[in-house]
Amino acid sequence: MPELPEVEVVRRGLASHLPGRRVDEAAVLHPRTARRQPGGAQQFADLLRGRTLTSTGRRGKFLWVATDDPEVVLLAHLGMSGQFRVDDPAAELQVPHRHARALLRVDGRPVWFLDQRTFGWLAAVPMASDPRGIAVPRLVEAIAPDPTEAGFDARAVARALRSHRVEVKRLLLDQSKVSGIGNIYADEALWRAGVHPGRRADRLDVATLVRVLDAAAAVMAAALAEGGTSFDSLYVNVNGESGYFSRGLAVYGRAGQPCPRCAAPIVRQSFMNRSSHLCPRCQRPPRAPH
DNA sequence: CAGGTCCCCTGCTGGC
DNA sequence: TGCCAGCAGGGGACCT
């Protein structure tokens, strides 16, 4: 998916179109899209119909739109390919996009949820709170704070990461430890901090882990300022426009190209059924791999 | 419990 | 031109 910056771009788009408006209708068009709704697609539609949308929120890669009923929050995860499109009120409802998975009508405006790969989902859930007492929707309770949240404590997170005998990149991708970071920004953060993704977290010191977390926050902030990262039409804002941060990436997708810092060729390695991109000179591997 | 693997989907690309 | 393997920014289920 879209990682934190791309999700934040979408949240801002929804925030500019939806609050104060009423849900006339909500319909799920693909069964997988409602798979996390306890009562299924019909319950999703029933709960949202007639609700007035209020404020938007986000934690990590989860975003939501609250309503006038605290028991009903529209929660969304974009998965790998989810998008929202807010159309003009006059737009044609009868010709759905090929990947249309849900449709809301909000004060006459069609709001589409498009999702080619159907890893994304929508749910109407009650507001709840996380272990710290911060208000988040149900299904987000176990998601850790993300680096952009007020009160995010990099040192505390770093200390927590150190208790795991696992490669540091695996932890960066674990949304219950720190949220919002995906494969792109994990690689970028590790490169900025000069840490090899295969280094075990319990063998890094707190200061190093803080550097990694700070780098993640910085690279995601830079990406957000450019409207997010996109390589193709899958990653767009609610108006269908793409961001430009792909040109700001130092290692991701740049295998064989020179490291911006030392000019050594970037390498791509397989990791966790995904790929890791790194500079073999700036990011030294652990002495005893594993 | 913690760590690690597999799998869910669609579509595109590159090699044969 | 066709076919197939591999790959893609997600995470949840299930195994040991």
Side-chain angles (χ1 to χ4, degrees), chain A residues 1-10 29-38 58-63 75-83 97-101 113-123 139-144 146 160-191 197-198 200-203 216 219-220 223-224 226-237 242-256 268-277 289-290:
Chain A
M1 132 149 291
E3 307 182 30
L4 185 156
E6 294 74 40
V7 177
E8 175 61 12
V9 167
V10 173
L29 309 176
H30 189 292
R32 268 178 58 79
T33 299
R35 67 189 181 281
R36 299 209 63 188
Q37 181 74 45
R58 182 188 56 73
R59 165 167 281 188
K61 306 170 192 171
F62 293 74
L63 77 155
L75 176 65
H77 194 293
L78 304 180
M80 293 283 272
S81 54
Q83 308 177 357
H97 187 282
R98 179 150 65 127
H99 302 303
R101 307 305 186 198
F113 181 66
L114 313 176
D115 188 12
Q116 177 192 103
R117 294 174 69 184
T118 71
F119 288 167
W121 50 266
L122 302 179
L139 303 181
V140 184
E141 295 147 296
I143 301 301
D146 69 57
L161 296 184
R162 261 186 108 223
S163 67
H164 297 275
R165 304 155 59 94
V166 183
E167 296 98 325
V168 60
K169 182 172 174 184
R170 185 182 291 275
L171 289 181
L172 291 180
L173 297 177
D174 183 339
Q175 307 298 301
S176 71
K177 305 297 184 297
V178 53
S179 71
I181 304 172
N183 205 38
I184 290 182
Y185 298 113
D187 282 0
E188 294 298 313
L190 290 164
W191 174 81
R200 266 174 44 172
D202 57 318
R203 297 184 183 173
V219 71
M220 291 194 293
L224 180 57
E226 298 285 326
T229 296
S230 60
F231 303 121
D232 57 48
S233 60
L234 279 184
Y235 306 98
V236 296
N237 65 19
S242 294
Y244 293 97
F245 191 67
S246 55
R247 52 174 93 145
L249 300 175
V251 288
Y252 189 86
R254 297 192 65 247
R268 176 177 162 283
Q269 302 178 346
S270 191
F271 176 79
M272 286 174 68
N273 279 333
R274 293 226 167 91
S275 51
S276 286
H277 307 76
H290 246 244

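To find a chain, count down the sequence lines: A is the first, B the second, and so on, and within it residues start at 1.
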Distance, rounded to the nearest Å, where A:I184 contributes CD1 and C:dG11 contributes P: 13 Å
Check the phosphate of B:dG3 against A:H164, side-chain N and O only, distance under 4.0 Å to OP1 or OP2. Yes or no? yes
Rounded to whole angstrom units, what separation is found between the CD atom of A:Q175 and the C1' atom of C:dG10? 9 Å
A:M220 versus A:E3: any side-chain heavy-atom pair under 4.5 Å? no
Is the closest side-chain donor-acceptor distance between A:T229 and A:Y185 under 3.5 Å? yes
Looking at A:L114, A:V10, A:D115, which one forms a side chain to side chain contact (heavy atoms under 4.5 Å, CB included) with A:Q83? A:L114
Regarding A:D146 and A:K61, does a basic nitrogen lie under 4.0 Å from an acidic carboxylate oxygen? no
Using atom P of each nucleotide, how far apart are B:dG11 and C:dG12 to the nearest Å? 24 Å
Examine distances only and state if a side-chain atom of A:R35 and a backbone atom of A:R32 form a donor-acceptor pair shorter than 3.5 Å. yes
Which of residues 269-276 of chain A sit near DNA chain C, with a heavy atom under 4.0 Å from it? A:R274, A:S275
Does DNA chain B take part in any stems of at least 3 consecutive Watson-Crick or G-U pairs (both distances under 3.5 Å), and if so, which ones? B:2-8 with C:10-16, B:10-16 with C:2-8
Would you say A:H30 reaches B:dC9's phosphate, i.e. side-chain N/O to OP1/OP2 under 4.0 Å? no
Hey, does A:R268 reach any base, or is it just sugar-phosphate, or nothing, if we go heavy atoms under 4.0 Å? sugar-phosphate
Using a 4.0 Å heavy-atom cut-off, does A:R170 contact any base of the nucleic acid, only the sugar-phosphate backbone, or nothing at all? base
Tell me the interatomic distance from A:Y185, atom OH, to C:dG10, atom P, rounded to whole angstroms. 10 Å
Taking only side-chain nitrogens and oxygens of A:R98, does any of them come within less than 4.0 Å of OP1 or OP2 of B:dT10? no
Using the ring of each side chain (for Trp, its six-membered ring), is A:W121 parallel, tilted or perpendicular to A:H77, with breaks at 30° and 60°? parallel
Can you tell me the distance, in whole Å, between the OH atom of A:Y235 and the P atom of C:dA8? 11 Å
Between C:dG11 atom C1' and A:R117 atom CZ, what is the distance in whole Å? 12 Å
Please check this pair: side chain of A:R58 against backbone of A:G60, looking for a donor-acceptor N/O pair closer than 3.5 Å. yes
Nearest listed nucleotide, side chain of A:E3, among B:dC9, C:dG10, B:dA2: C:dG10
How many angstroms lie between CZ in A:R59 and OG in A:S179, if you round to the nearest 0.5 Å? 6.5 Å
Between A:E167 and A:R200, does any side-chain N to carboxylate O distance fall below 4.0 Å? no
Rounded to whole angstrom units, what separation is found between the CD atom of A:Q83 and the C1' atom of C:dG10? 15 Å
Check the distance between B:dG3's P and A:D202's CG and give it to me in whole angstrom. 9 Å
More 5' along DNA chain C: A:R36 or A:N183, using each one's nearest nucleotide? A:N183
Nearest-Å distance for atom pair CD/P, residues A:E6 and C:dG10: 9 Å
